[in-house]
There are 2 protein chains.
Amino acid sequence: MKGYLWAPSAATSVKTAQSNWESMAIDAVGNVIEFWGFKRNQGRVWALLYLRDASLTAAEIEKELELSKGGVSMLIRDLERWGVVLRVRVPGDGSWRYRAETDLLQMARRVIEEREFSFIARIRADLAEARKLAEADARVLPEQVERLRKMEAVAEATEKALGVFLKTSRLDVGGMFERFRA
Amino acid sequence: MKGYLWAPSAATSVKTAQSNWESMAIDAVGNVIEFWGFKRNQGRVWALLYLRDASLTAAEIEKELELSKGGVSMLIRDLERWGVVLRVRVPGDGSWRYRAETDLLQMARRVIEEREFSFIARIRADLAEARKLAEADARVLPEQVERLRKMEAVAEATEKALGVFLKTSRLDVGGMFERFRA
DNA sequence: CATATAGTTCAAGGCGTTTTGAACTGCATG
DNA sequence: CATGCAGTTCAAAACGCCTTGAACTATATG
């Protein structure tokens, strides 16, 4: 597994009780991220790590967010794969610690780019294909072909919205440099 | 129930077998619409009616799309409520017929406007609230407040994408006038 | 190497949503 | 007003997705 030795271990005393504003923010992030087709708890784990600006152990995450051992393991695996959470080793400690790496928007962008975008592209291709078949069929009225064309507008609008999301998220590069400061 | 008397009853002979291109297009529409959080079959029913440009009975829809009686009833109710399907009565026929009314984009727009938009707005409000609470708390570091602010970017990007979708869909007014031609 | 602790895996369970189908309602017609 | 068909309703089943937890693996430490 990747992960680098000892990132500075948290702000020493991790106060383990969630303040009110913290859980509010954590849940909010979970909700937006769910909107984009990710798991709510993926967003929550990331948000916890990001807000604390500290490296936490799996056990801590488990306790703070009331998740199961196995669940935390899988959630972290996903976040690591997307590059938004980093696994670090702390010297006098047998266990891994995790910290938020980049902005969550980057993860959303990356995944939407490769997964949703091509999903919509596929749909558009299907509609285009259907139209071609219809055009070749003499029994199909020109009006119907026109309607097929209009249907593509739904897919196009969707694609456009995704595009804006991606573009917007790309503007937020702030997160990229933070890791060098801490 | 609403619905108006005898819209011209279909193109006489409704060829009851789906051509290949037709089911392809129907499924494609079902898929995009599902992306926006509607039911796949809501999209499919609308697409069938729209493509045929004819008024079909519930029984016909049931057969064409392989849905259950009860299912068709409920799907149509939804589509009617959203104003994208119209219920019409044909003189020599004891049953209702249904036809596609406006562009599906309008339905998506309407529902997203009232449901998704406020959902995201609520999330943004939560984040703003969390930040306010954090700012009032002396123990919270300014850095953390800054991170809370950054989190709002995720919600903002989402809101922006929805906005674009809404704007785009509003441009397509073509559907509005068609009903007067048929 | 033995032991303890952290982390992973995955079948089973839980949960929310969608679909089915059978009973029911309502309406038109003779 | 009896009959039959169209349409509606809703409890139960089916389905898909997410989470749990117990067994298992890996790793550190004495």
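Predicted model, so just to flag it, every value in this text is computed and none were measured. Computed over heavy atoms, backbone and side chain alike; hydrogens, waters and symmetry mates excluded. Naming convention: chains lettered A, B, ... in sequence-line order (proteins, then strands); numbering from 1 in each chain.
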Using salt bridge (Lys or Arg N to Asp or Glu O under 4.0 Å) as the criterion, list what pairs up with A:R131, not counting sequence neighbours.
-> A:E135, A:E152
Pair A:R149 + A:E146, salt bridge at N-O below 4.0 Å | yes
Quick one: is [N] close enough that its OP1 or OP2 comes under 4.0 Å of any side-chain N or O from [X]?
X     : N     : value
B:R87 : D:dT8 : yes
A:Y98 : C:dG7 : yes
A:R77 : C:dT9 : yes

Rounded to the Å, how far apart are [X] [atom1] and [N] [atom2]?
X     : N      : atom1 : atom2 : answer
A:R97 : C:dA6  : CZ    : P     : 11 Å
B:E62 : D:dT8  : CD    : P     : 12 Å
B:I76 : D:dT9  : CD1   : P     : 13 Å
A:E80 : C:dG7  : CD    : P     : 11 Å
A:D78 : C:dT9  : CG    : P     : 11 Å
B:M74 : C:dT19 : CE    : P     : 8 Å
B:L67 : C:dT20 : CG    : P     : 6 Å

Would you find a donor on one side and an acceptor on the other, under 3.5 Å apart, between the side chain of A:R97 and the backbone of A:V90?
-> no
Look at the side chain of B:S118 and the backbone N and O of B:A121, then say whether any donor-acceptor pair between them is shorter than 3.5 Å.
-> no
Once the angle between the rings of B:W82 and B:F38 is folded into 0 to 90°, is it parallel (under 30°), tilted (30 to 60°) or perpendicular (over 60°)?
-> perpendicular
Interface polar pairs with nucleotides 24-30 of chain D, N/O, under 3.5 angstrom:
none

Show the numbers, then the answer: is there a salt bridge (Lys or Arg N to Asp or Glu O under 4.0 Å) between A:E62 and A:K69?
-> CA-CA 6 Å; A:E62 194 182 321; A:K69 198 157 124 84; over 6 Å; no
Would you mind classifying the nucleic acid contact of B:S95 as base, sugar-phosphate or nothing, using non-hydrogen atoms under 4.0 angstrom?
-> sugar-phosphate
Taking only residues two or more places apart in sequence or in another chain, which ones pass side chain to side chain donor-acceptor pair (under 3.5 Å) with B:D93?
-> B:S95
Residues in contact with DNA chain C, drawn from residues 27-42 of chain B - heavy-atom cutoff 4.0 Å = B:K39, B:N41
Nearest-nucleotide comparison on DNA chain D, the residue closer to the 5′ end among A:K69 and A:L75 =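 The residue whose closest nucleotide sits nearer the 5' end is A:L75.
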Quick one: side chain to side chain contact (heavy atoms under 4.5 Å, CB included) partners of A:R40, sequence neighbours excluded?
-> A:D27, A:N31, A:E34, A:R44
For B:Y98, enumerate each residue passing the ring-ring contact (aromatic ring centres under 6.0 Å, His included) test, keeping only those at least two apart in sequence or located in another chain.
->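 With neighbours one apart ignored, the set is empty.
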